[in-house]
Colleague: 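I am attaching a structure below and will ask some questions about it afterwards.
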Amino acid sequence: MFVMENKRDLRGRIAHVLLYAPNRFPIVDFLADDDQMTLSKGFEQLHQGVEIAYPSSKFVGDAWDSKRKNLHAILDKAHALFKKRSPKKHNAARLLLDEFDRMIF
């Protein structure tokens, strides 16, 4: 399974989700079926990435809490748009690139 340790890993996970969402994630032959990447697992990892970018132990205060909440809200909205599989997939991708990625990097 993919492990994120730093912002560079997070950027790679964003790119991976954008490339394969909503349902084109490649099958990795050495992983069990339950361990294969899915849209939901990708977004779980992106949520974990918020803690990598803005660790709650390091960034304390209302402004940082607000930023983390905003990042999680953006991810929730993008995830919902991808799950709908609407023809406007670019809206979900735009949220990840223009909002989430921009706020972190």
Colleague: Under 6.0 Å from the CG atom of D62, do we count more than 12 heavy atoms belonging to anything else shown?
Modeller: no
Colleague: Can you tell me how far CZ of R102 sits from CD1 of I104, rounded to the nearest 0.5 angstrom?
Modeller: 11.0 Å
Colleague: Distance-only, no hydrogens or angles: does the R11 side chain make a donor-acceptor pair with backbone N or O of K7 under 3.5 Å?
Modeller: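 It does not hold such a pair.
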Colleague: For the pair Y54 and K67, evaluate side-chain contact (heavy atoms from CB on, under 4.5 Å) and give the outcome as yes or no after the intermediate values.
Modeller: CA-CA 9 Å; Y54 294 98; K67 186 161 194 153; 3.2 Å; yes
Colleague: Would N91 and R94 count as a side-chain contact (heavy atoms from CB on, under 4.5 Å) here? Give the steps.
Modeller: CA-CA 5 Å; N91 288 341; R94 186 171 292 138; 3.9 Å; yes
Colleague: Report the distance from atom CG of L10 to atom CG of D101, rounding to the nearest 0.5 Å.
Modeller: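 Those atoms lie 8.0 Å apart.
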Colleague: Would you mind reporting whether E99 and K77 have side-chain heavy atoms less than 4.5 Å apart?
Modeller: no
Colleague: With rounding to the nearest 0.5 angstrom, report the NZ to OG distance, K83 to S40.
Modeller: 5.5 Å
Colleague: Mind running side-chain contact (heavy atoms from CB on, under 4.5 Å) on V50 and L75 for me, showing each step along the way?
Modeller: CA-CA 10 Å; V50 172; L75 289 175; 4.1 Å; yes
Colleague: How far apart are the closest heavy atoms of D65 and R68, and which atoms are they?
Modeller: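 Of all heavy-atom pairs spanning D65 and R68, the closest is OD1-NH2, 2.6 Å.
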Colleague: Determine the interplanar angle of the H47 and H72 rings, folded into 0 to 90°, and report it as parallel if under 30°, tilted if 30 to 60°, perpendicular if over 60°.
Modeller: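 Parallel.
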Colleague: Taking the side chain as C-beta and beyond, is there a heavy-atom pair between M37 and H16 under 4.5 Å?
Modeller: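 Yes, side chains in contact.
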Colleague: Do you know the tightest heavy-atom contact between A92 and A78?
Modeller: CB-O, 3.6 Å
Colleague: If you compare all heavy atoms of P22 against all heavy atoms of L39, which two are closest, and at what distance to 0.1 Å?
Modeller: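 Shortest heavy-atom contact: O-CB, 3.6 Å.
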Colleague: Can you check side-chain contact (heavy atoms from CB on, under 4.5 Å) on Q36 and V28, steps first, answer last?
Modeller: CA-CA 7 Å; Q36 297 293 330; V28 181; 3.9 Å; yes
Colleague: For F43 and F82, take the angle between the two ring planes, folded into 0 to 90°, and tell me which bin it lands in: parallel under 30, tilted 30 to 60, perpendicular over 60.
Modeller: tilted
Colleague: In Å, rounded to the nearest 0.5 Å, how long is the span from CD of E51 to NZ of K58?
Modeller: 11.5 Å
Colleague: Establish whether Y20 and I27 are linked, either directly or via other cluster members, by ILVMFWY side-chain heavy-atom contacts under 4.5 Å.
Modeller: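 No; tracing contacts between hydrophobic side chains, which count when under 4.5 Å, never links both residues.
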Colleague: Would the distance check show the side chain of R24 and the main-chain N or O of L19 forming a donor-acceptor pair, the cut-off being under 3.5 Å?
Modeller: yes
Colleague: Is it the case that the side chain of D35 and the backbone of L31 share a donor-acceptor pair, with hydrogens and angles ignored and the cut-off at 3.5 Å?
Modeller: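 Judged by distance alone, no pair lies under 3.5 Å.
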Colleague: Using 0.5 Å steps for rounding, measure from the CG atom of L46 to the CZ atom of F100.
Modeller: 5.5 Å
Colleague: Rounded to the nearest 0.5 Å, how far apart are CE of M103 and CD1 of I74?
Modeller: 5.0 Å
